[in-house]
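Scope of the values below: all heavy atoms of this structure, side chains included, with no hydrogens, waters or symmetry mates. Position 1 is the first residue of the sequence; numbering continues from there. The structure displayed is predicted, hence computed values, not measured ones.
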Amino acid sequence: MPIPIDVSYSRAFGGTARRIYQLLTEMGTSGDAIWPFAAQPFMRTSGPLTVGTTEEWHLGMHSILAEVVPEERIVWRIDNEGVDGTHGFFLTHEGKKIVLTHQTVAQLSDPEGRMFWKRLQDAHERAIDGLFDKLARVLKR
């Protein structure tokens, strides 16, 4: 029986949706300014974000780009054994701030998906916190 997960982290930032979106699209490239852990690299295929073609790898997760709407969202289909779902970044306006949300929504099979998520969960939370912290510093420059 699949186990559903829906995990979200949000933070409000100063700066424009355009700049935050640009920094997100550069993650995993030579221009990456916001991925927080050099020892745990975030990598993606080179070139522009292309639905169905662009791939990313980080923290043992492999994903393929499922949807991209400039300055609104970047959504990845998770391509790991035992996991059927997505994770992505969503930008919304809240007054003069931009709220950035990272959301993972998936069904985990038993035992592969549950074991995968159990190994990933703490590192994932630290990565998002670190990413949000670094993004805030970069936006203040």
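Hydrophobic clustering (side-chain heavy atoms under 4.5 Å, transitive across Ile, Leu, Val, Met, Phe, Trp, Tyr) keeps Val69 apart from Val99. Clustering ILVMFWY residues whenever any of their side-chain heavy atoms sit less than 4.5 angstrom apart, transitively, puts Leu59 in the very cluster that holds Phe37. Two different hydrophobic clusters hold Val105 and Tyr9 under the rule that ILVMFWY side chains link at heavy-atom gaps under 4.5 Å. Under the 4.5 Å side-chain contact rule for hydrophobic residues, Leu49 and Trp57 do not share a cluster.
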Side chains of residues 120-127: which donor-acceptor pairs under 3.5 Å do they make with residues two or more places apart or in other chains?
none

Table please: side-chain donor-acceptor pairs of residues 131-138 below 3.5 Å, with sequence neighbours left out.
{"residue": "Asp133", "atom": "OD1", "partner": "Arg11", "partner atom": "NH1", "Å": "2.7"}
{"residue": "Asp133", "atom": "OD1", "partner": "Arg11", "partner atom": "NH2", "Å": "3.1"}
{"residue": "Lys134", "atom": "NZ", "partner": "Trp35", "partner atom": "O", "Å": "3.4"}

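Partners of Asp84 under the side-chain hydrogen bond (donor to acceptor under 3.5 Å, both in side chains) rule, at least two apart in sequence or in another chain, are Arg77. Every residue two or more places apart in sequence or in another chain was checked for a side-chain hydrogen bond (donor to acceptor under 3.5 Å, both in side chains) with Thr45, and none qualifies. Considering only residues two or more places apart in sequence or on other chains, Glu72 meets the side-chain hydrogen bond (donor to acceptor under 3.5 Å, both in side chains) condition with none of them. Taking the salt bridge (charged side-chain N to carboxylate O under 4.0 Å, His left out) definition, one finds that Arg119 meets it with nothing, sequence neighbours left out.
In plain terms, the two heavy atoms of Ile78 and Ser63 that are nearest each other are CA-OG, 3.7 Å. Between Thr16 and Ile98, the closest heavy-atom pair is C-CG1, 4.0 Å.
Between Phe13 and Ile20 there is a side-chain heavy-atom pair separated by less than 4.5 Å. You'll find the side chain of Thr53 stays beyond 4.5 Å of the side chain of Leu65, heavy atoms only.
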Any chance you could lay out the salt bridge (Lys or Arg N to Asp or Glu O under 4.0 Å) test for Glu67 and Arg73, step after step, and finish with the verdict?
CA-CA 8 Å; Glu67 181 184 17; Arg73 64 184 166 274; 2.8 Å; yes

Test side chain to side chain contact (heavy atoms under 4.5 Å, CB included) on Gln40 and His58; report intermediate values, then the result.
CA-CA 7 Å; Gln40 298 172 335; His58 59 89; over 6 Å; no

Give the intermediate values and the outcome of side chain to side chain contact (heavy atoms under 4.5 Å, CB included) for residues Trp76 and Val68.
CA-CA 9 Å; Trp76 301 88; Val68 61; over 6 Å; no

Report the C-alpha separation of Glu81 and Phe116 in whole Å, then their side-chain angles, then the decisive distance to 0.1 Å, and conclude whether the side chain to side chain contact (heavy atoms under 4.5 Å, CB included) test is met.
CA-CA 8 Å; Glu81 184 76 28; Phe116 172 78; over 6 Å; no

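In this structure, CZ in Arg19 is found 10.5 Å from CG in Leu24, a value given to the nearest 0.5 Å.
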